[in-house]
Number of protein chains: 2
Amino acid sequence: MNLSLPSETIFHAIESTIKDYRKFAQKNISEKIKDMTIDQGMVLLFLNEHPELTQKEIAELVFKDNASMTRMINTMVEKKHLKRSINSKDRRRYIIEITDKGKDVLKTLPPIIHQNRNSSLKGITKNELNQLEIILNKIRTNCAKT
Amino acid sequence: MNLSLPSETIFHAIESTIKDYRKFAQKNISEKIKDMTIDQGMVLLFLNEHPELTQKEIAELVFKDNASMTRMINTMVEKKHLKRSINSKDRRRYIIEITDKGKDVLKTLPPIIHQNRNSSLKGITKNELNQLEIILNKIRTNCAKT
DNA sequence: TACATATAATTGATATATCAATTATATTTG
DNA sequence: CAAATATAATTGATATATCAATTATATGTA
């Protein structure tokens, strides 16, 4: 069986790219904000735009499962970026609020993220980005077909 | 600050794609092989092609850090897929050998991986794959620049 | 040679990933 | 309405991710 090495596949390139970007982005965030991971930042951004999101919905948006999201939000509540309170309209859910400390992060974070995206996409044309997205979507569709 | 939602960025698409592929691939592996993750399978493949690899080198190839690799190999040794022995030429390293049980996995695994790659890349042209790789490399280069 | 430095691997601490099972509450349906 | 089913969140168990500190061994250099 002459299987080419995993390192030669496109999946290697995809995975390596996202990991490099994550490291790059995390480094730039950590320089400015203490105790804030990319994913925690994403949770803040999503909640800021859509305060009514449930944990389950946030989890889907940031590609985590419910269990991970429960624990992530626990940590963020301990760190005082978020506050959980009972949702009397549906007592299975929580209302998740961004605290003042969380709002401070939201002042600092967006420009860093912008900067991260801009620098990591420098020299790449709109057309290339479209291409990229189209191809990635093809792969995703293929993987979804049971 | 009108930051577009994270879900609208290309990084969302990249991350989502690799996660979908991983789930898809893991599912197909699990159907045929017990107790074998994609990454453990990759370790077997790499070691099979390059038996002299150190843990550190394997770690780089599969994008893990040394600590994770130590623990991954611990697990694989416990599960009897691998065997560690002392490398008398450099006593800081180990010689890592694939056991018979590991070799059995290597008989079953490659066709599954081939199949996974083929089905997930169906309908995508060579040219598109090249494009994809070029663009991803640009991003990686940008992220590497300090 | 002796000491400083480098390297490979491990360990500890904490966070996250994942699956399965469980709890509490809502909703649907007979 | 009552029972069955569905949903949101949690918990437990185990693996992996990540960083910093540590151990053991090699290598470079005065």
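Letters go in sequence order (proteins before strands), and every chain restarts at 1.
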*Should the ring pair A/H12 and B/F63 be called parallel, tilted or perpendicular, given that the plane angle runs from 0 to 90° and is split at 30 and 60?*
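A/H12 vs B/F63 ring planes: tilted.
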
Length of the line joining [X]:[atom1] and [N]:[atom2], which is rounded to integer Å:
{"X": "B/N87", "N": "D/dA26", "atom1": "CG", "atom2": "P", "answer": "9 Å"}
{"X": "A/I29", "N": "D/dC19", "atom1": "CD1", "atom2": "P", "answer": "13 Å"}
{"X": "B/M36", "N": "D/dT16", "atom1": "CE", "atom2": "P", "answer": "10 Å"}
{"X": "A/R22", "N": "C/dT16", "atom1": "CZ", "atom2": "P", "answer": "11 Å"}
{"X": "B/Q26", "N": "D/dT16", "atom1": "CD", "atom2": "C1'", "answer": "13 Å"}
{"X": "A/D65", "N": "C/dA20", "atom1": "CG", "atom2": "P", "answer": "12 Å"}
{"X": "B/F63", "N": "D/dT16", "atom1": "CZ", "atom2": "C1'", "answer": "16 Å"}
{"X": "B/K27", "N": "C/dC19", "atom1": "NZ", "atom2": "P", "answer": "12 Å"}

Quick one: salt bridge (charged side-chain N to carboxylate O under 4.0 Å, His left out) partners of [X], sequence neighbours excluded?
{"X": "B/D90", "value": "B/R92, B/R93"}
{"X": "B/D39", "value": "B/R22, B/K64"}
{"X": "A/R140", "value": "none"}
{"X": "A/D35", "value": "A/K79"}

*If you look at every strand shown and take non-hydrogen atoms under 4.0 Å, does B/Q40 touch a base, only sugar-phosphate, or nothing?*
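If one applies the 4.0 Å heavy-atom cut-off, B/Q40 turns out to touch the sugar-phosphate alone, with no base involved.
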
*How does protein contact run along nucleotides 1-12 of chain D, one letter per nucleotide 5' to 3', with B for base contact, S for sugar-phosphate only, - for none, heavy atoms under 4.0 Å?*
------BSSBBB

_Please enumerate all residues that pass side chain to side chain donor-acceptor pair (under 3.5 Å) together with B/N130, with sequence neighbours excluded._
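Testing B/N130 for side chain to side chain donor-acceptor pair (under 3.5 Å), a comparison that skips the adjacent residues, returns none.
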
